[in-house]
Undergrad: 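Please see the structure below; I have some questions.
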Amino acid sequence: MSDFLPTGIQLTYLVAASLFIFGLKKLGSPATARNGNVIAAVGMLLAIVATMLDQHVLNYEMILLGLAIGSGIGAIAAYKVQMTEMPQMVGLLNGLGGAASALVAVAEFWRLLGSSQPIPLDVNISMLLDVLIGGVTFTGSFLAFAKLQGLISGSPITFPFQQPFNLLLLGAYLAGSAYLIVSPDSLPIFLAVVAVSLVLGVMFVIPIGGGDMPVVISLLNSLSGIAASAAGFVVMNNMLIIAGALVGASGIILTEIMCKAMNRSLFSVLFSAFGSVSAAGGGAAGGSTANQTVRSIDPEEGAMMLGYARNVVIVPGYGMAVAQAQHSVRELADQLERMGVDVKYAIHPVAGRMPGHMNVLLAEANVPYTQLYDMDDINPQLEQADVALVIGANDVVNPAARSDTNSPIYGMPILEVDKAKQTIVIKRGMSAGFAGVDNELFYKDKTTMLFGSAKDMVAKLVSEVKQL
């Protein structure tokens, strides 16, 4: 039995890894995402059970206590956290994952320091990388949470000589790491390296604006996976290495997709302080929008435009998420479909504050997956749309990205709602989006504005459509 146990544990890890990969594949489609999540969760359960059977695990009571506490907190959070606060929750989870990985390295260093055996070079390097990546992920994710929650300003925070200061911090980390590789038994230097890593996480996120949060969350998610993989090398656990590598790789791929959706490089996202520009640079092509006028309508006029249309494209944005209007939007779409209107939803990759934000909200409202269209699929159809209904979206529908070479969002792929026959924009006011630029869509001849809270305005549209 004792000879079979190590082999059985590794075979269980292999099955768990296969379930992770299979579940990850199913997460690629909204229709199969829930099953994919369950499959991956089963894989994680197998991995935990196999790890607890490992002969190196001695304190089962503490492990079970941690499982009980963590499961309880997770269950409460899943039920209590609003869908609009899901980006903040993802940020917190990323941070906790990074902290857990860094603590594994700290604990292993402490254990080896108290023993008579020398610290192997490969383990030493793994610990130092784990501390760096885990520390940056921890403080960076919690700072991203604070920006998303409004605890601190979502605008980029910069100061003179910021980049040289960052380079100085990185140099301090490299110098400390080099010293620890030569003399691996120095606790003060190790703690200094940990502190520098935590400060680097703060400096990593503060110059990034709110408009880039989807990319930041995706990147931090990837870093949490890489930190977990590094922790696997520290404790020599194959399952942790594989699981962390999967998270890290998928996060990097998603980050690249997000960057392409904004037509920006990852370097630009991290270091250009995007969003601190003035709105003057992003006005209508060919001049300022200060002297232009907008046409506003009331819910009754909007209902007539929607009710007598043949096809309507709904474009959800963060304003819909803040107002929690997804259920009202679904009700409006159902009412229009009863009148024979063909309804589709246009989803921009970076709409909202995290990847897939709009998809998650609409799925919560039981919007059929077949009605969701990504940007590349829906753009060719917008010219035939009678009405494009924009609900709380801003930068992702701004034609300046296509026409104004002076705009900071120039070149970013957008949902081309300005090509629809009529466009209705539901928005509280004329404020700029996360990019800090004015939206020339609001001044187009075919655009009408319906000012007010997304939830209130959509509810009034539903009421008026019912009376047609």
Side-chain angles (χ1 to χ4, degrees), residues 9-52 54 67 70-71 74 78 86-87 89-105 122 125-127 129-138 140-141 144 214-260 266 349 354-356 359-360:
I9 289 174
Q10 297 305 317
L11 288 174
T12 305
Y13 283 165
L14 182 61
V15 173
S18 300
L19 291 175
F20 288 159
I21 295 172
F22 189 48
L24 192 62
K25 174 65 176 176
K26 282 187 169 291
L27 286 174
S29 169
T32 59
R34 181 172 294 182
N35 290 335
N37 197 36
V38 172
I39 291 170
V42 171
M44 181 56 70
L45 177 61
L46 289 176
I48 292 173
V49 171
T51 302
M52 292 182 67
D54 193 323
L67 279 173
S71 299
M86 197 56 63
M89 184 177 181
V90 171
L92 283 176
L93 293 176
N94 287 341
L96 292 174
S101 299
L103 286 173
V104 168
D122 57 340
I125 294 175
S126 297
M127 286 190 298
L129 288 175
D130 195 10
V131 164
L132 173 65
I133 303 170
V136 168
T137 305
F138 172 57
S141 295
V215 178
V216 175
I217 289 177
S218 178
L219 182 60
L220 289 171
N221 183 37
S222 176
L223 290 178
S224 70
I226 296 173
S229 190
F233 282 103
V234 171
V235 297
M236 299 301 176
N237 184 281
N238 293 333
M239 188 70 262
L240 199 54
I241 295 171
I242 294 172
L246 287 173
V247 174
S250 59
I252 287 292
I253 293 171
L254 186 57
T255 301
E256 179 65 18
I257 292 173
M258 296 293 106
C259 289
K260 285 184 177 179
L266 182 59
M354 72 174 184
N359 302 71
V360 172

Undergrad: Test of understanding: with side chain to side chain donor-acceptor pair (under 3.5 Å), list the residues that count as partners of Asn37, not counting sequence neighbours.
TA: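 With sequence neighbours excluded, Asn37 shows a side chain to side chain donor-acceptor pair (under 3.5 Å) to no residue whatsoever.
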Undergrad: I need the single residue from Thr137, Val136, Val131 that forms a side chain to side chain contact (heavy atoms under 4.5 Å, CB included) with Ile133. Which is it?
TA: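 Single side chain to side chain contact (heavy atoms under 4.5 Å, CB included) partner of Ile133 among Thr137, Val136, Val131: Thr137.
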Undergrad: Contact between Thr12 and Val49 at the side-chain level, heavy atoms closer than 4.5 Å - yes or no?
TA: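 No - every pair of side-chain heavy atoms lies 4.5 Å or more apart.
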Undergrad: Please lay out, stage by stage, how Met236 and Asp122 fare under the test side chain to side chain contact (heavy atoms under 4.5 Å, CB included).
TA: CA-CA 11 Å; Met236 299 301 176; Asp122 57 340; 4.0 Å; yes
Undergrad: Output every pair passing side-chain hydrogen bond (donor to acceptor under 3.5 Å, both in side chains) with a member in residues 233-247, not counting sequence neighbours, ordered by first then second residue.
TA: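 Output for this query lists Gln10-Asn238, Tyr13-Asn237.
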Undergrad: Minimum heavy-atom separation for Phe138 to Gly95, with atom names?
TA: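 Closest pair (atom of Phe138, atom of Gly95, distance): CD1-O, 3.5 Å.
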Undergrad: Look only at the side chain of Ser18 and the backbone of Leu14, and say whether a donor-acceptor pair between them is shorter than 3.5 Å.
TA: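 Answer holds: yes.
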Undergrad: Report the residues that fulfil side-chain contact (heavy atoms from CB on, under 4.5 Å) with Ile125, sequence neighbours left out, ordered by chain and then residue number.
TA: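 By the side-chain contact (heavy atoms from CB on, under 4.5 Å) rule, Ile125 matches Leu121, Leu129, Ile181.
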Undergrad: Please name the pair of heavy atoms, one in Gly98 and one in Ser224, separated by the smallest distance, quoted to 0.1 Å.
TA: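 In this case the closest contact between Gly98 and Ser224 is N-CB, 4.4 Å.
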Undergrad: Is Met44 close to Phe20 at the side-chain level, that is, under 4.5 Å between some pair of heavy atoms?
TA: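 Yes, side chains in contact.
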Undergrad: Show me, pair by pair, the donor-acceptor contacts under 3.5 angstrom made by side chains of residues 248-259, not counting sequence neighbours?
TA:
{"residue": "Ser250", "atom": "OG", "partner": "Leu246", "partner atom": "O", "Å": "2.9"}
{"residue": "Ser250", "atom": "OG", "partner": "Val247", "partner atom": "O", "Å": "3.1"}
{"residue": "Thr255", "atom": "OG1", "partner": "Ser218", "partner atom": "OG", "Å": "3.0"}
{"residue": "Thr255", "atom": "OG1", "partner": "Leu219", "partner atom": "N", "Å": "3.3"}
{"residue": "Thr255", "atom": "OG1", "partner": "Gly251", "partner atom": "O", "Å": "2.7"}

Undergrad: For Ala16 and Leu46, which heavy atoms make the closest approach, and how far apart are they?
TA: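 Heavy atoms of Ala16 and Leu46 come nearest at CB-CB, 4.4 Å.
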Undergrad: Using side-chain heavy atoms (C-beta onward) and a distance below 4.5 Å, is Ile217 in contact with Asn94?
TA: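 Touching, per the 4.5 Å side-chain cut-off.
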Undergrad: I need the minimum non-hydrogen distance between Ala78 and Met89, along with the two atoms involved.
TA: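 Taking Ala78 first and Met89 second, the nearest heavy atoms are N-CE, 4.3 Å.
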Undergrad: Taking side-chain contact (heavy atoms from CB on, under 4.5 Å) as the definition, give me every residue that meets it alongside Ala231, ordered by chain and number, with sequence neighbours left out.
TA: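 Partners of Ala231 under the side-chain contact (heavy atoms from CB on, under 4.5 Å) test: Ser101, Val104, Asp130, Leu240.
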Undergrad: Compare every heavy atom of Leu67 with every heavy atom of Met52, then report the nearest pair and how far apart it is.
TA: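 Between these two residues, the closest heavy atoms are SD-CD1, 4.2 Å.
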Undergrad: Going by the rule side chain to side chain donor-acceptor pair (under 3.5 Å), which residues pair with Asn359 if we only count those two or more places apart in sequence or in a different chain?
TA: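 Applying side chain to side chain donor-acceptor pair (under 3.5 Å) to Asn359 gives none.
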Undergrad: Val234 and Ala105: which non-hydrogen atoms are nearest, and at how many Å?
TA: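 Distance-wise, the nearest heavy atoms are CG1-CA, 4.5 Å.
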Undergrad: Any side-chain heavy-atom pair from Lys25 and Ile39 closer than 4.5 angstrom?
TA: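 When only atoms from C-beta onward are counted, Ile39 and Lys25 do not touch, as no gap falls below 4.5 Å.
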